[in-house]
Structures are given as structure tokens and as C-alpha cells.
Amino acid sequence: MNKTTAWRLTFIVALTALMVALTDAWAAKQADVFKQLDLILEVRHELVESYVEEPDQLELIEAAVQGMVSSLNDPYTVFVPAKHLDQFSDRLTGSFSGIGAEINMQDGRPQIVTPLEDSPAWKSGIMAGDIILDVDGKTTQDESQMDVIKRIKGEAGTDVILRIRRATGEELDITITRAQISVQTVRGARRSADQSYDYMLDPVNKIGYVRISQFTNKTAGELRSTLEHLNELGAKGLILDLRFDPGGLLDSAVDVSNMFLTGGKRIVSTEGRNWPKQVFDSDDDTVMPDTPLVVLANEGSASASEVVTGALSDNKRALFVGTRTFGKGSVQQVRGLDSGLGALKLTGAYYYLPSGRNIHKKPDAEVWGVDPDEGAYVPMSFEQYKEMIKARREADTIRAENGHSDTAEITPDHIENTLFDPQLAAALRAVLGKVQTDTWPTVGLANAEELVRLHEREQLERRRGLLLEELHRVEAELADGDDATEDDTAESDGESSEAQTDDDAAQTEDQSVEPQATDTQDITEPAVEPQVVTPDASEPNAPSTETPVLQQEIQAEVKEPIEVKEQVKDAVEPETEPEIKVEVEVEAEAEVAPSTPANTLEPATQP
């Protein structure tokens, strides 16, 4: 046997051993899978055969699937039962009627990511971060996202009542009239006399302003026309406002970023465990390559708006002013199940900024989204946001007197004091400084320590809200128990009084028949004064005669939101409701086909 033959035999033996080892490993892995499935089947069998009442077998299986999905702690990966497929298809096509708000699940409750501009939710005063406690008087606790949305959606023209909790802890009921949702996506600083938008925020210094409310298949075209118009007007600077923008199509986000970047710049990339890496770079089709640019974004900016913010900030093309963005940076696929029992919407990849940062907010994460540039962190309080939105809505309203009747000079101080918008004021200061000195001035706070502090505060406020909710529930149960005890005591006292009256009558009758003249003491002695018995506070079931201090505080807190509701209504509703007709189609969620995995950024769910 020569050396070549020996080497070949050795190679064959080694390859055979490797194949056997791999086969054994695969067989062992398959055995583990079948063992895990046996657990589900065994539990199902025991429940079907032995549970005190006959369970719905389909609901058992669906609950098992929901349990598997929920173990991922990913609110964007969901199982859609067959009974919800029609509703889910409405969301994919973007054709629906509802309140017009982006909703996520947070700690077992639906949370408003942001209301869509000009939507019923927006006009009624719904705010980003609001927790939906009840829908038409029924709690949302532990209810699935699809079930909550199904109750919120409805025929256009009908009302739905949401009980919400603000970030401040206040609770109030808001009545919203449903409508067909349609949103104009590219907006300006104010309305002109012809009711079109005026995109020149500061006419004296020629600083433009563009606000994108959502990224749809029409956004890029509308923005290109607007930027070309501003170029013709000689714009020296631009503010791109993406605050409260819930996102939309990835293609639209890439096209918008491309209008400000020169060729060859990284915009975003996608990658997943079983998802090939894809990169999106800019080309030479730019519209504003050099104009000083400020991007405004905040905690209500999600998905596609985060892609644009990150692309322009990481490439040093724009100064990012505002607060950390929402942190929705994942790609979803929608796959119909062969069984026909539903569909699975699952996260297949994450989005990565040019810097490589994963913007998606994972549970217990301390870093997510896009952070403002150093010295450009400008937080706003809830009250400031409320006043800012009111002023923004006034600027959007179509009225006969629209035009340039306001001759006040547009300055940062004017914006802060009249429009109640410190973030926009800071943006204007920044772009004016860049235009005048070619250097970005400091217009806000440094990021690191402030962001850590705010993150810790957010966690504490969330815990406070959950504890308050549990405290209210316990107090309500205690109050119900006290009422029931008082009713039982009153009924018992009534029965005792009737019995005593009967006994006295019987005794009087006996005395009249057989008088005892020698024993007058029993007749003439006044009756013993009745003793008032006060329940012992130590007795667990003793009815209380006073409202506990804590209960009084809670009752006061419950009364307060009713007053807040009226204040919010006054603050957010214009005096005359305009009739606004817009043509832009809403892209609620677009399917990401496996063959083209990264063509969509999915916003949060829209009822």
C-alpha cells in the first residue's frame, strides 16, 4: 500500500467518523425536541381528560403558542390566531378606521407610543406615554394587544372611551370619535393664505422648517419637492422635525436620508441570526448636501424616524437636538402557518446605525435608540409638550384668516415664549449659530449623566404606577367589604329590633292579664338606658365609622382626573374644528417578504 492510498483511507475513515458523530448529535437534538413536545402533549392530555370542566382544546393550544412567543420578551413578535387574521390584514394594508395612535404593550398594559397627527387621538389630547387602563369601562390588564386594539377600533363616527394614566400619575377618561385614518406626512411651520404650508420658519434669516409625521410611500416625493422649493428661496439652514414620528417604510427612510448625504455614506444596515446582512448606502441623488441641518427627535420618534436621525447624526451631516429616541429597531416577517390556524409575526433582524449601534430597546437595556449630540440634549416636561402640541395644532389648522398676519419676528425667544417649544427654540439657536459662525453652539445639556438619571427615573415612575394601581384595587376591595359588612350589620340590627318589640308586646300582654301588685319595682323602674356599642377596631370585620385617611387621599386622587380632563380638553381642542382633507395613505404595517427581507420598518400597532 503506497502513501497516497493510505492517506485516502485515513481521510475516508475520518470523514465517516465525523458523519457518524454529526448524525448522532442531530439524532440527540431531535430526541430533545420530541421530548419537549411530549411535555406539551402530556399536559394537554391531562387537562382534557381530568380537569373539572371540559376545556376548549383549541384555546389550550393557542395559549401554549402564546406562552412560547411571550417567553421571547419581544412585543413585536406575536402569534395571530385565525379569528384575528382579518383585523391583522387591515393593519398590513393600512386601511382601517380607529383613533389613530401607535400602541405598544408595556408591563401588561397598552401604552401610547404616539398619536398620529390630525387623528382623533391627537385631537382629543392623547399623549405619548399614556397607559390605557380601560376601554369603554373594561380593564385592559393582562389583555392581549390584538384584543385591546379590536375593542378600540370600530366604525367611523362611533365613540370609544379610554381611561388613561399620564406619565405624571394622573388618570382621566377621554372620549374619542373614531374616523378613517389618513395623514399628511410633510408639513411646514404654518399655513399660508392659500392654506398651503409655509416652510420658511425664519424668513429674515432664511431658515427652513420641515416636519415629517410618518414615513409612507409618498413621503420622499413630497419632501423632495419641498426641499427644491426651499433651495429656490435661498434657504441658508434647515430644521427637520421628526418628533412624535412613529416610523413607517424603510425605503422611505433611506430615500429621505439620501437627500441630505453625498454618495457612499452608510445609512443603515440590517442583520439577524438567520438573516443575511444588508447595507443601505447613499448615492449621488442628493438635494441639500451642504445646507446646515438640525434634526429634532424625541422619545416619541420611532422606527424609520430613528433610522434617519441616526444616519444624519452619525455621518456628522446634522446636529441632533432633543431627547433619546424610542428604540424600535427591528424587522418583522409575517408568515402564515400551514395549519391555517393563524399567522406568526416574528422579528428576523435588527437595524444598526452607521456607528454599529443597535437602536432596539431590549428589556432592562440601558442603551437604545439614538442619543442627541453632546450639548444638544433638551428635555421637555409633560406640560411643555402639551402646550407645544396645542400651538402646533393651531399652526396646522385651516382657517380663513391664515396667512402672514402675525408680523412678529421669529426668534428663539419668541418660539419658546409663544409656541412653548424649547426644543424648537434650541434648534433655531443652533442653526443660526452654525450659519453665522460655522460652528455648532451648545444649546442644551451634556448627555451621559442626564440620560442615566432619566432612565432610572423612568423605571421608578413605572414601578410607582404599578404600585398605585395595585393600591387602588386593594382599597376598592376593602371598601366593598366594608359596605357589605355595614349592610349585614344594619340588617341584623333591624331583625334584633323587631324581635325585641315582639317580646315587649308579649310581656305587656302577660302583665295586663296577671298583674303583680306586690312587685311594683319591675313596673315602675325606668328602663335601662340603651348602651351604644362601638365596634372594636381590632376586629377584622368591624365596620368603620370613619373613612380612613389613605382612602380619603385616594378618593381625592380619583376626583382630580375629572378636573384634569376638562383642562386637557380646553388645552388641545381648537375653538372651531377645521375640516381637513388629506390624501396621504397611512402605512400601518407592511409585510416584509422573506425574499426581500429589509424593505420595511414596521411602526407600532395602530388602532
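The figures that follow rest on heavy atoms only: side chains count, while hydrogens, waters and symmetry mates do not. Only a predicted model underlies this, so the values are computations on that prediction, with no experimental measurement involved.
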Hey, is the main chain of Ser303 close enough, under 3.5 Å, to the side chain of Glu306 for a donor-acceptor pair? yes
Give the minimum heavy-atom separation between Phe79 and Ala343, together with the two atoms involved. CD1-O, 3.5 Å
Check: Arg357 side chain, Trp368 main-chain N or O, donor-acceptor pair, under 3.5 Å: yes
Is there a donor-acceptor pair under 3.5 Å between the side chain of Ser119 and the backbone N or O of Trp122? yes
Testing the basics here: between Pro55 and Val48, what is the closest heavy-atom pair and its distance to 0.1 Å? CG-CA, 4.1 Å
What residue pairs, at least two apart or across chains, pass side chain to side chain donor-acceptor pair (under 3.5 Å) with a residue in residues 61-74? Asp74-Thr77, Asp74-Thr347
Taking the side chain as every heavy atom from C-beta outward, state whether Lys362 and Tyr350 have any pair of such atoms under 4.5 Å apart. yes
Non-neighbouring partners of Phe420 that pass ring pair (Phe, Tyr, Trp, His ring centres under 6.0 Å), sequence neighbours left out: none
Could you give me the CA-CA distance, side-chain angles and deciding distance for Val268 and Tyr352, then say whether side chain to side chain contact (heavy atoms under 4.5 Å, CB included) is met? CA-CA 6 Å; Val268 68; Tyr352 296 88; 5.9 Å; no
Between Ser97 and Arg178, is there a side-chain donor-acceptor contact under 3.5 Å, judged purely by atom types and distance? no
Starting at CG of Leu337, measure out to CG of Leu344 and round the result to the nearest 0.5 Å. 6.0 Å
Is there a side-chain contact between Leu162 and Asp134 (heavy atoms, below 4.5 Å)? no
OG1 (Thr140) and CD1 (Ile152) are apart, to the nearest 0.5 Å, by 8.5 Å
Quick check: closest heavy atoms across Gly322 and Pro372, and the distance to 0.1 Å? O-CG, 3.3 Å
Ile164 pairs by side-chain contact (heavy atoms from CB on, under 4.5 Å) with which of Ile126, Leu133, Ile112? Ile126
With distance as the sole test, does Lys345 use its side chain to make a donor-acceptor pair with the main-chain N or O of Tyr76 at under 3.5 Å? yes
Distance check, rounded to the nearest 0.5 Å: Arg109 atom CZ versus Gln106 atom CD? 12.5 Å
Going through the distances and angles, do Arg165 and Glu469 end up as a salt bridge (charged side-chain N to carboxylate O under 4.0 Å, His left out)? CA-CA 10 Å; Arg165 180 193 296 131; Glu469 181 177 339; 3.3 Å; yes
Check Arg392, Gln423, Arg211, Arg187 against Asp241 for a side chain to side chain donor-acceptor pair (under 3.5 Å) and give me the one that passes. Arg392
Calculate, to the nearest 0.5 Å, the distance between atoms CD and CG belonging to Gln141 and Asp107 respectively. 9.5 Å
Given side chains that start at C-beta, do those of Val474 and Leu478 come closer than 4.5 Å, heavy atoms only? yes
In the structure I gave you, are the side-chain heavy atoms of Pro120 and Thr177 within less than 4.5 Å of one another anywhere? no
Would you say the side-chain atoms of Thr175 pair up with the backbone N or O of Ile161, donor to acceptor, closer than 3.5 Å? no
I'd like to know if the side chain of Ser330 reaches the main chain of Gly348, judged simply by a donor and an acceptor atom lying under 3.5 Å from each other, with no hydrogens or angles considered. no
Answer with yes or no whether the side chains of Asn358 and Tyr351 bring together a donor and an acceptor at under 3.5 Å. no
If you measure only the distance, is there a donor-acceptor pair under 3.5 Å linking the side chains of Asp371 and Tyr377? no
Within the 4.5 Å heavy-atom criterion, are Val78 and Val80 side-chain neighbours or not? yes
Side-chain contact, heavy-atom cut-off 4.5 Å: Gln384 with Pro422? yes
Would Arg151 and Asp136 satisfy salt bridge (charged side-chain N to carboxylate O under 4.0 Å, His left out), going step by step from the backbone distance to the final call? CA-CA 8 Å; Arg151 293 202 288 128; Asp136 287 332; over 6 Å; no
Is it the case that the side chain of Thr158 and the backbone of Glu155 share a donor-acceptor pair, with hydrogens and angles ignored and the cut-off at 3.5 Å? yes
Hey, mind stepping through Met380 and Arg243 against side chain to side chain contact (heavy atoms under 4.5 Å, CB included) and telling me if it holds? CA-CA 12 Å; Met380 288 177 61; Arg243 291 176 296 174; 4.2 Å; yes
How far apart are the closest heavy atoms of Ala156 and Ala179, and which atoms are they? CB-CA, 4.0 Å
Nearest 0.5 Å, please: how far is CD1 in Ile61 from CD1 in Ile40? 7.5 Å
Answer yes or no: is there a side-chain heavy-atom contact under 4.5 Å between Ile99 and Val160? yes
Using only atom types and a distance under 3.5 Å, with no angle test, would you say the side chain of Gln145 pairs donor to acceptor with the backbone of Ile103? yes
Aromatic ring proximity, centroids under 6.0 angstrom, Phe326 and His360: no
Would you say that more than 12 heavy atoms from the other residues, nucleotides or ligands in this model lie under 6.0 Å from the CD of Glu477, or not? yes
Where Pro246 and Ser213 come nearest, the two heavy atoms and their spacing: CD-O, 3.2 Å
Is the closest side-chain heavy-atom distance between Asp245 and Phe215 below 4.5 Å? yes
Donor-acceptor contact below 3.5 Å, side chain Ser50 vs main chain Leu47: no
For the atom pair CZ (Arg335) and CG (Leu346), what is the distance rounded to the nearest 0.5 Å? 5.5 Å
Just by distance, with hydrogens left out, do Thr325 and Ser301 show a side-chain donor and acceptor under 3.5 Å apart? no
Please determine whether side chain to side chain contact (heavy atoms under 4.5 Å, CB included) holds for the pair Lys361 and Lys328, giving the CA-CA distance in whole Å, both sets of side-chain angles, and the decisive distance to 0.1 Å. CA-CA 6 Å; Lys361 183 178 182 180; Lys328 198 284 182 183; over 6 Å; no
Does the pair Tyr385 and Glu299 meet the rule for a side chain to side chain contact (heavy atoms under 4.5 Å, CB included), with working shown? CA-CA 12 Å; Tyr385 272 133; Glu299 57 272 20; 3.3 Å; yes
Taking every heavy atom of Leu242 against every heavy atom of Ser305, the minimum-distance pair comes out as CD1-O, 3.6 Å
